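Source: prediction; values computed, not measured. Labels below follow one simple rule: chain letters A, B, ... track the order of the sequence lines, proteins then strands, and each chain is numbered from 1.
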Number of protein chains: 2
Amino acid sequence: MIKCVKCSEVDAIAKAGIIRGKQRYYCARCDYYFTLPAAEISIATNSSRKHQPTIVDIARELQISKSTVSRALHGHADINEETRKAVLDVAKKLDYQPNLLAYGLAKSKSLTIGIIVPEFINSFFPYVIIGAQEIANPAGYHVLICQSNESYQTEIDNTNVLMSSRVDGILASLTGKTPNVDHFKKFERAGIPIVYFNRVTTDVCASKVIVDDYDGAYQGVTHLIQNGCKRIAHIAGPQNLQICRDRLQGYKDALLHHDMELNESLIIYHDLNPESALHCAQHLLDVPDRPDGLFALNDPAAIATMQVAKEKGIRIPDELAVVGFSNEPTSALVEPGLTTLAQPMAEIGKTAVNLLFKQMNDTSDCFIPETKILKTTLIVRKSSLKRQF
Amino acid sequence: MIKCVKCSEVDAIAKAGIIRGKQRYYCARCDYYFTLPAAEISIATNSSRKHQPTIVDIARELQISKSTVSRALHGHADINEETRKAVLDVAKKLDYQPNLLAYGLAKSKSLTIGIIVPEFINSFFPYVIIGAQEIANPAGYHVLICQSNESYQTEIDNTNVLMSSRVDGILASLTGKTPNVDHFKKFERAGIPIVYFNRVTTDVCASKVIVDDYDGAYQGVTHLIQNGCKRIAHIAGPQNLQICRDRLQGYKDALLHHDMELNESLIIYHDLNPESALHCAQHLLDVPDRPDGLFALNDPAAIATMQVAKEKGIRIPDELAVVGFSNEPTSALVEPGLTTLAQPMAEIGKTAVNLLFKQMNDTSDCFIPETKILKTTLIVRKSSLKRQF
DNA sequence: ACCGGTTGCGAAAGCGTTCCCGGTACTTCC
DNA sequence: GGAAGTACCGGGAACGCTTTCGCAACCGGT
């Protein structure tokens, strides 16, 4: 005996097909289609994921409205001190944790900043990230880390992930293969501020944090010259990156200003993949007229070269003096210690986040990007001090 | 001339105080309080944050409902192929990116897994994270990385952040100071699966991924014994961590099984802070009856000891043979190369995520935790091969 | 003509917040 | 004693999405 769920009519009911596996009925009297509720099937289905307390739970417990709870939790005005305390007590009792997703949806901000780095196996980027967190966390922001793994496609994917996550700002360091920054344009269009650091390009108008790469390279190469090197090679990076062009230029200018000849065959291009470093080193040390000095664009490349040199029995620094870039912790551990240009890694992260915050809080309609250039410091170790000199 | 916004009465209007800076009126006829709307003030306020396209935008463009758009975007059934294509086209045209916050709110899942690590300066955890991402990303999950910086309080804070972010699962490796895992219990209560890896404790019933630390330590110490060491020291870790207890036990048993005496004064406890490593090394090498072999609980501690030994002019391995643990890339770079027990780092990450997914998809009401124990491999380098032996 | 069944889509209820508006009750002041 | 002002609180829309369910339109077989 089927009763219409609306008019409780019994006689005017007709079957009206099957819908989603359930019998459908039609009540001719009230012209209404309906199916019968699934009769208490699975009252407690799979409730493995328990209900997390919400402000509504707190409100119910205290018999007040959720607006009041929300106000209380945020120390808003318009709230009685006693009420506030009561809310805070219940919140603690229920172990309430605000739902950041709901918060983000309501406020159109996620309290998250995204960081895209090419890798974090070497210490450079981890240190930058730690610096960034040191500023971001106390400000209530947390950090979503994406690594592009030196892959252009992954970098694009990462931008989409961060876009979907509705991050409030971006810190980015490009891969060596990124030909353009079109995939970052969407952040600009969406009004999401972005600060590039370290690996930047010139063809974009945005805030940047870099070190004085030209100057660092110039210093490093000059140091090699002063230590008696006559044929100085350079492991350069991908030329899409400004950082690599600057270091290359610093190398070139240092040679020229010291009246040394510039030999293109002594410049090798590294694509920043770990394996590539070894190939560069091999190549470099295999040429007939071997260099007696090397300025590498980063410490891993310098260290890789030192390893290969050792295998070949080439003495460092006497037969080959080496200077790296970054002063990663490892450079102090290798034998001999690697002379290198220290970058203020944590400082880079901090500066970048500060720049980002500045841009996020900027209310003027036309924001003027800023470029911060930090200084490098030459750290002299044994890898560059030729004995016979 | 004020008109009541309800009944348009003019005469029965009286002023009724100021509310939030605005004049309030009272209409005696309809017993109604009201204020006047703020008359078009700031039509275009600060719209620096542009509107991101939503499914409603797509729906409007195609004159269909947002339900249909949602279905189309997810390749649902109940959708006409043509409609689906049209939706996809418009989505592409508008550069639509789904709002993960809204998605998460609606579905009560964030497609995010949280990872808590004590640090990521050394290479171990980065490699684990990369392994984890290799499984998580293709499955549509992304990873929220928190580092506790070896601080118990920060670890607690991190659990709260991850709770608020409504992550769908947790991978955790504890600090050396974590006395208990009460702060992780909330995940259990909320039904959020959690897998501990590497730095685990015994006092919790959860899935774990570890390596056979006991066996690794046993192998390492045996190797030292076989290379002629008579007095083998051990830099041990905090005893709240099972991993450290196991390595210590492996060390002890290896000595006992080879009829060597166990000298408690040769065991030094490292709290895992970077500076502490140097203190341990100093202490170890300053004792009058210096050890001739060292098994360190990890590579950084082993390398720190090698550094200190070098400064003191102690020859490695002849005067002090050293074995580390983990096979971080640096251990191959130091001089002499560090003998160590290789951990399958990426494998640990992958296994942990797989275990997590297994638990997330588990529908049975009582999940049985699993512990995966991976194998270590002894990598012999020069730091342990005494010449005169 | 009617029933059984299929296909495709729309309406609307949530998800957990925030925040704008009203509204009540009370105090203060002329 | 009435108007002005203060202190608090509740209702409800909005954020962008998923999902359930209702319903129209159709088709084929009796």
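Residues satisfying the side chain to side chain donor-acceptor pair (under 3.5 Å) test with B:Thr178, not counting sequence neighbours, are B:Glu155, B:Thr175. Considering only residues two or more places apart in sequence or on other chains, B:Tyr96 meets the ring-ring contact (aromatic ring centres under 6.0 Å, His included) condition with none of them. With sequence neighbours excluded, the residues satisfying side chain to side chain donor-acceptor pair (under 3.5 Å) with B:Asp95 are A:Arg189. Taking the salt bridge (Lys or Arg N to Asp or Glu O under 4.0 Å) definition, one finds that B:Lys93 meets it with B:Glu61, sequence neighbours left out. Shown here are the side-chain contact (heavy atoms from CB on, under 4.5 Å) partners of B:Ala106, two or more places apart in sequence or in another chain: there are none. Contacts of B:Thr68 classified as side chain to side chain donor-acceptor pair (under 3.5 Å), with partners at least two apart in sequence or in another chain: B:Ser65.
Residue B:Ser65 places at least one side-chain N or O under 4.0 Å from the OP1 or OP2 atom of C:dG10. Between D:dA7 and A:Asn80, no contact under 4.0 Å exists linking OP1 or OP2 to a side-chain N or O.
For A:Asp78 and C:dC20, the CG to C1' distance is 12 Å, given to the nearest whole Å. With rounding to whole Å, B:Arg60 atom CZ is found 19 Å from C:dC9 atom C1'. In this entry the distance linking CG of A:Leu111 with P of C:dG16 reads 19 Å, nearest Å. One atom, CG of B:Leu62, and another, P of C:dG8, lie 17 Å apart when rounded to the nearest Å.
Comparing the axis of the opening five pairs of the helix from C:dA1-D:dT30 to C:dC30-D:dG1 with that of the closing five pairs yields an angle of 60°, rounded to 10°.
Residue contacts shown for A:Leu100 are absent, as no nucleic acid heavy atom lies under 4.0 Å away.
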Please tabulate the protein-to-nucleotide N/O contacts below 3.5 Å involving nucleotides 16-18 of chain D, giving atom names and distances.
residue	atom	partner	partner atom	Å
D:dG16	N2	B:Ala102	O	3.4
D:dC17	OP1	B:Tyr96	OH	2.6
D:dC17	OP1	B:Asn99	N	3.3
D:dC17	OP2	B:Ile55	N	2.6
D:dC17	N4	B:Lys66	NZ	2.6
D:dT18	OP1	B:His74	NE2	2.7
D:dT18	OP2	B:Ser70	OG	2.6

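Across all non-hydrogen atoms, the minimal contact from A:Ser110 to A:Val167 is OG-CA, 3.4 Å.
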Donor-acceptor pairs are to be reported for all side-chain atoms of residues 142-149 of chain A against protein atoms at under 3.5 Å, with residues two or more places apart or in another chain.
residue	atom	partner	partner atom	Å
A:His142	NE2	A:Thr112	OG1	3.4
A:Gln147	NE2	B:Gln133	OE1	2.9
A:Ser148	OG	A:Val117	O	3.3

